[in-house]
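Below is one structure, written out as structure tokens, with a few remarks after it.
Remember, it's a predicted structure, so these values are computed and weren't measured experimentally.
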Amino acid sequence: MNADVVIVGAGPSGIFTALELLRRGTPEKIVMIEQGQAIENRRCPKAKTGRCMNCKPYCHITTGFSGAGAFSDGKLSLCSDVGGDLPTLVGEQKAQELIDYTDKIYLEFGADPHVEGIYTGEDIKEIRKNAIHAGLKLVDCPIRHLGTEKAQQLYLAIQNYLADNGVEMLFSTECENIILEDEECKGVLLRQGDGEPRAVYGDTVVIGTGRRGADWLEK
């Protein structure tokens with residue numbers, strides 16, 4: 001199989017890569033590879049058993065379309081002051097622009113427009129004053145709360161959008177290795193279940209395996 005872009009991983013990194021490519025109208029064929037299931041097929045047996053069953057070959061909560069976000073309570077922090085080192089790497093203004101841009105996409109696919117975490121009043125003024133005296137910075141961080149069920153509905157809408165716009169998504173498919181030619185990545189080697197490995201070549205290969213695939217990527 002050949003593609004213009006091959007994306008390994010259908011978590012936030014892979015999803016937003018595919019969305020951005022579609023909206024820029026650049027690639028003709030995008031193939032997304034995901035070890036887990038499509039969003040509508042993800043089930044955790046703990047809801048029935050009351051305990052973790054250590055599912056093999058992967059955990060349905062951490063693996064599958066949209067990653068662990070599908071089972072979280074869906075809180076999106078909309079301030080560049082929290083969440084990691086991106087402001088240091090690209091600048092605070094650029095980081096905030098990216099957050100705002102991403103938030104608009106979530107709204108487009110059905111996120112609740114209500115924002116929490118913005119407070120005014122005398123109580124907050126007092127807390128802020130005490131924080132300054134203690135040498136601390138009180139961060140006003142607006143939060144968009146999707147909610148667990150709402151998050152799954154939202155990611156299903158995104159998954160359907162990608163499919164409707166020609167993104168080929170290969171679920172229950174493990175990326176065994178990348179294909180290197182003269183130290184340049186030319187594609188990936190895939191396996192579905194007990195089948196034989198097969199190669200997928202791409203003009204561009206994006207590795208977006210996230211935390212779940214960190215050990216694989218290191219190897």
(message) The criterion is ring pair (Phe, Tyr, Trp, His ring centres under 6.0 Å); which residues satisfy it with Phe16, sequence neighbours excluded?
(response)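 Phe16 satisfies ring pair (Phe, Tyr, Trp, His ring centres under 6.0 Å) with Tyr106 only.
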Can you find a heavy atom in the side chain of [X] that is under 4.5 Å from one in the side chain of [Y]?
X	Y	answer
Glu40	Gln159	yes
Asp103	Arg144	yes
Ser66	Ile15	yes
Val31	Leu170	yes
Gln152	Lys150	no
Tyr161	Leu19	yes
Glu196	Arg198	no
Leu146	Leu154	yes

Closest heavy-atom contact between [X] and [Y]?
X	Y	result
Pro197	Leu189	CB-CG, 4.0 Å
Ser80	Pro87	O-CG, 3.1 Å
Arg42	His60	NH2-O, 2.7 Å
Cys44	Ile61	SG-CD1, 3.7 Å
Ile7	Gly14	CG2-CA, 3.6 Å
Ala10	Met32	CB-SD, 3.5 Å

(request) Could you walk me through whether Val139 and Cys79 pass the side chain to side chain contact (heavy atoms under 4.5 Å, CB included) test, one step at a time? (result) CA-CA 9 Å; Val139 176; Cys79 174; 4.1 Å; yes
Is it possible for you to say whether [X] and [Y] belong to one hydrophobic cluster, with membership spreading through side-chain heavy-atom contacts below 4.5 Å?
X	Y	answer
Met169	Val5	yes
Leu217	Leu190	yes
Ile30	Leu162	yes
Ile33	Tyr58	no
Leu180	Val188	yes

(request) Give the intermediate values and the outcome of side chain to side chain donor-acceptor pair (under 3.5 Å) for residues Thr173 and Glu34. (result) CA-CA 6 Å; Thr173 302; Glu34 170 56 44; over 6 Å; no
(request) For Asp112 and His114, indicate whether the former's side chain and the latter's backbone hold a donor-acceptor pair under 3.5 Å. (result)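 Between the backbone of His114 and the side chain of Asp112 there is a qualifying donor-acceptor contact (under 3.5 Å).
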(message) When you measure from the side chain of Trp216 to the backbone of Thr209, do you find a donor-acceptor pair of N or O atoms at a distance under 3.5 Å?
(response) no
Can you tell me how far the [atom1] atom of [X] sits from the [atom2] atom of [Y], to the nearest 0.5 Å?
X	Y	atom1	atom2	value
His133	Asn130	NE2	CG	7.5 Å
Thr102	Glu20	OG1	CD	8.5 Å
Arg24	Leu22	CZ	CG	12.0 Å
Leu78	Glu116	CG	CD	11.0 Å
Cys175	Gln35	SG	CD	10.0 Å
Lys46	Cys59	NZ	SG	10.0 Å

Ion pair check, [X] and [Y], cut-off under 4.0 Å:
X	Y	answer
Asp140	Arg128	yes
Asp203	Lys186	no
Arg191	Glu174	no
Lys104	Glu108	no

Report, as yes or no, whether the 6.0 Å neighbourhood of atom [atom1] on [X] holds more than 12 heavy atoms from other residues, nucleotides or ligands.
X	atom1	result
Phe109	CZ	yes
Gln192	CD	yes
Asp85	CG	no

(request) Would you check, one step at a time, whether the test side chain to side chain contact (heavy atoms under 4.5 Å, CB included) holds for Lys29 with Glu168? (result) CA-CA 8 Å; Lys29 183 174 183 179; Glu168 183 175 354; 3.5 Å; yes
(message) Assess the residue pair Gln96 and Tyr101 against the criterion (side chain to side chain donor-acceptor pair (under 3.5 Å)); give the C-alpha distance rounded to whole Å, side-chain angles, the decisive distance to 0.1 Å, and a yes or no.
(response) CA-CA 8 Å; Gln96 190 60 54; Tyr101 177 69; over 6 Å; no
(request) Mind running side chain to side chain contact (heavy atoms under 4.5 Å, CB included) on Val8 and Val206 for me, showing each step along the way? (result) CA-CA 6 Å; Val8 182; Val206 178; over 6 Å; no
(message) As a quick check of understanding, evaluate side chain to side chain contact (heavy atoms under 4.5 Å, CB included) for Arg23 and Ile105, giving each step before the final call.
(response) CA-CA 11 Å; Arg23 296 186 174 200; Ile105 295 175; 4.1 Å; yes
